[in-house]
Amino acid sequence: MSKRTGVFVCHCGKNIAATVDVKKVARELAKDDGVVFCEDYVYMCSDPGQGAVIDAIKENDLDGMVISCCSPTLHEKTFRDASELGGLSGFRCEIANIREQCSWVHKDPDEATDKAIKISRAAVRRVQRNEPLDPIGVPVTRRALVVGGGIAGIQTALDLADAGLDVILVEKQSTIGGNMLKLSETFPTLDCSQCILSPKMVAVSKNPRIRLLTESEVESVSGFVGNFRVRIRKKAQYVDPELCKLCDDCSNVCPVAVPNEYDEGLTNRRAIFIPFAQAIPASFTLDEAACLGLKPVVCGKCEEVCEAGAIDFDKRPTVFEEEVGAIVVATGYDLYGMDKLGEYGAGRYADVLDGLQFERLCSASGATEGHILRPSDHKVPKEIVFIQCSGSRDPENHCAWCSKICCMYTAKHATLYKHHVPDGQAYVFYIDIRSGGKGYEEFVQRSMEKDGVIYLRGRVSRVYEQGGKLRVLGVDTLSGRNVEIAADMVVLAQAMEPSKGTAEIAKTLKIGLGKDGFLAEAHPKLKPVESVTAGIYLAGAAQGPKDIPETVAQASAAASKVIALLSKEELHHSPTVAKVRDPYCTGCAMCVDACPYEAISLVGGKAAVNEVLCQGCGSCVGVCVRAAIDVKNVSQLQIHEMISAVLAA
């Protein structure tokens, strides 16, 4: 038990000191039993502040240290490292959070000061019974898993492979490329998306360190950082990509036609198809759901005409397990559903399109080979209306968040329209123009001034069809007038939302979701690519709306985190894990059932903890009726003494 405890109380500039009487907290803590050193300091996280911790430990022969400051999420490691430099075990240093849990949530200085004293006093009681623990060594598997084959997953996989790591890239579709490959051009440079993405796709397929698994999904994940065991299910591969000659004979005889996902439903495809010319893997694929029947075979015409013998109807799904050291989740986004935007005529009128459908009209590889034509009659639209924030920034009816890229891709769409239809007129209804990026504002201004796009500040209330035209009713808030436009086509700039299956993959990987359904990062500023589960990282639009440059940057950031993690021969796991007191354990297995990390099992009729799997959450402690299990340095005795200290204060 610690008998010589030191305490530092941080002002944190005015973050704490504006509400809490820091000097009074230090005076009160100095009176506590076992506290032999207590001072306040303006910025404890500064280099002099850390130096003061080191000096205090050495000069006062301290065997315990409490820093009353901000969240341990920010600086626990900082002060534990400083304690180590002073010769004190880092696990005999505790953080009393008097900023987030006290000064920031109180206005009354007296109440805040009293609470800060109690929080600090409880931390003193805890640290006095802390053990000087040593980190647990964990071996590392030098292989990474990337979930999602869009631009984020591709960039991550290439960066990891370039660093000499083996990579498994899992994509649920039949090709990699994601939504970026559907784009005609990219803002603000108007580069062809396929021209800049296809080389990366080919690089993935040719890289010997990357194992590409398309039409595959992650079923389960067990293990821990550095040593995950992943179960992957791959759909039946009825067409062998090694044998397929891309002759197109199979699709020519297929009698089934279904909407083409690559063209966003503007064209049809066959049940056996290749998604697009640059698809990777470069092979036809058989859509079992669209096929007339495989069990038994109903049609079989495609197999009959395949001279290469690439089609085998007897193939079955395969399930296999892989061991990886880290996981990057890059599952991308979907557009907010058209079926939810009835006020704009979405889903009712053929000439009301979403953003990706318009991209396919503009693309040379798209539904109309780059000609902008109305889906209803294939005529050139002479007046077109773009409606921004369709489903975004509308917490009452749709999505509360700004989707970040809609202003820019609408400006791009209007520009592309004018390039294709020089004598046409484009209108843009907007709430605000948000163009925060290099060259973005200039791009928007160019669409207004050079291309003659008319921007109307205001919302659209209704879109309906009359006399072969789409009547768009809105308002121009700058002039204060109602606006009605007879348009030939309407394009909705829809909100970005998490891709289908994001919630399921988050549950499988045991990572968090934000209130908007996107994957939650561990800290919005300091850990933007880390998830709340160690060893699992986030990249791209799965974490939140973002454009291509930001997606690529985050993908490379996630890759760098994985490289740093897997470059070590051994990882160190926190030793604050559960510990069983065997004499009191009856083997009831309640702790086994309660453990969310599957870290506890019965061995010889007693509970046993796998310290590497244990995360020290304390779920087991809460269900043990015999008090036979504790978490090191958060024992039940410590909790009792902390509560007693607060009640006595």
Side-chain angles (χ1 to χ4, degrees), residues 77 135 137-171 176-178 180 196-214 216 218 221 223-230 232 280-281 320-332 505 509 511 519 521-523 526-543 546 548-573 612:
K77 185 178 186 304
V138 180
V140 178
T141 302
R142 298 194 77 250
R143 185 188 298 114
L145 170 72
V146 178
V147 185
I151 180 57
I154 289 170
Q155 185 66 47
T156 302
L158 290 173
D159 285 352
L160 292 172
D162 287 345
L165 294 174
D166 291 331
V167 183
I168 301 170
L169 177 57
V170 173
E171 167 58 46
I176 56 175
M180 181 178 170
I196 58 179
L197 182 57
S198 291
K200 288 184 176 288
M201 295 168 59
V202 173
V204 166
S205 68
K206 301 297 184 185
N207 196 306
R209 290 196 173 276
I210 299 176
R211 182 183 176 191
L212 176 59
L213 298 173
T214 54
S216 303
V218 175
V221 176
F224 47 89
V225 56
N227 292 271
F228 293 107
R229 181 173 288 276
V230 184
I232 301 170
I280 297 294
F320 48 91
E321 291 188 348
E322 295 287 344
E323 292 185 353
V324 298
I327 300 171
V328 178
V329 189
T331 49
I505 193 67
L509 298 175
I511 56 179
L519 299 176
E521 65 280 5
H523 191 282
L526 301 181
K527 294 184 177 181
V529 300
E530 290 100 323
S531 75
V532 294
T533 300
I536 301 181
Y537 303 91
L538 316 177
Q543 184 257 337
K546 50 182 62 70
I548 293 169
E550 190 179 355
T551 293
V552 171
Q554 191 182 25
S556 291
S560 71
K561 288 289 184 181
V562 173
I563 293 165
L565 179 76
L566 301 186
S567 64
K568 303 168 185 175
E569 293 184 2
E570 187 178 71
L571 300 179
H572 290 108
H573 181 58
V612 176

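Only this structure's heavy atoms are used, side chains among them; waters, hydrogens and symmetry mates stay out. Positions are given from 1 along the sequence. As the structure is a prediction and not an experimental result, all values here were calculated from the model.
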Return the set of residues passing side chain to side chain donor-acceptor pair (under 3.5 Å) with Lys546 (not counting sequence neighbours), or none when no residue passes. Gln543, Gln554
Compare all side-chain heavy atoms of Ile536 with those of Phe228 and state whether any distance is below 4.5 angstrom. yes
Exam field: side chain Ser556 to backbone Ala553, donor-acceptor pair closer than 3.5 Å: no
Would a distance-only check, ignoring hydrogens and angles, find a side-chain to backbone donor-acceptor pair under 3.5 Å from Arg209 to Val167? no
From CA spacing to verdict: side-chain contact (heavy atoms from CB on, under 4.5 Å), Val138, Asn227: CA-CA 8 Å; Val138 180; Asn227 292 271; 3.6 Å; yes
Approximate separation, where rounding is to 0.5 Å, of Phe320 CZ and Leu213 CG: 4.5 Å
State, yes or no, whether a side-chain contact exists between Ile511 and Leu538 at a heavy-atom distance under 4.5 Å. yes
Could you measure the distance from the CG atom of Asn207 to the NZ atom of Lys200? Nearest 0.5 Å is fine. 12.0 Å
Residues which pass side chain to side chain donor-acceptor pair (under 3.5 Å) with Thr214, listed by chain and number, not counting sequence neighbours: none
Check the pair Asp166, Val324 against side-chain contact (heavy atoms from CB on, under 4.5 Å), reporting the backbone distance first and the verdict last. CA-CA 9 Å; Asp166 291 331; Val324 298; over 6 Å; no
As an exercise, state the distance from NZ of Lys206 to CG of Leu212, rounded to the nearest 0.5 Å. 12.0 Å
I'd like to know whether Ile154 forms a side-chain contact (heavy atoms from CB on, under 4.5 Å) with Met201, so could you lay out the CA-CA distance, the side-chain angles of the two residues, the decisive distance to 0.1 Å, and finally the verdict. CA-CA 7 Å; Ile154 289 170; Met201 295 168 59; 3.8 Å; yes
Report yes if the side chains of Ile280 and Val204 come closer than 4.5 Å at any heavy-atom pair, otherwise no. no
Ile210 vs Leu158 side-chain heavy atoms within contact, under 4.5 Å: yes
Test side-chain contact (heavy atoms from CB on, under 4.5 Å) on Met180 and Ile196 and set out the steps. CA-CA 10 Å; Met180 181 178 170; Ile196 58 179; 3.6 Å; yes
Heavy-atom closest pair, residues Gly540 and Ala152: CA-CB, 3.9 Å
What distance do Leu169 atom CG and Ser205 atom OG have between them, rounded to the nearest 0.5 Å? 11.0 Å
Mind checking whether Leu145 and Val218 have side chains closer than 4.5 Å, heavy atoms only? yes
Answer whether the closest heavy-atom distance between the side chains of Phe224 and Leu571 falls below 4.5 Å. no
Contact check, side chains of Leu519 and Ser531, non-hydrogen atoms, under 4.5 Å: no
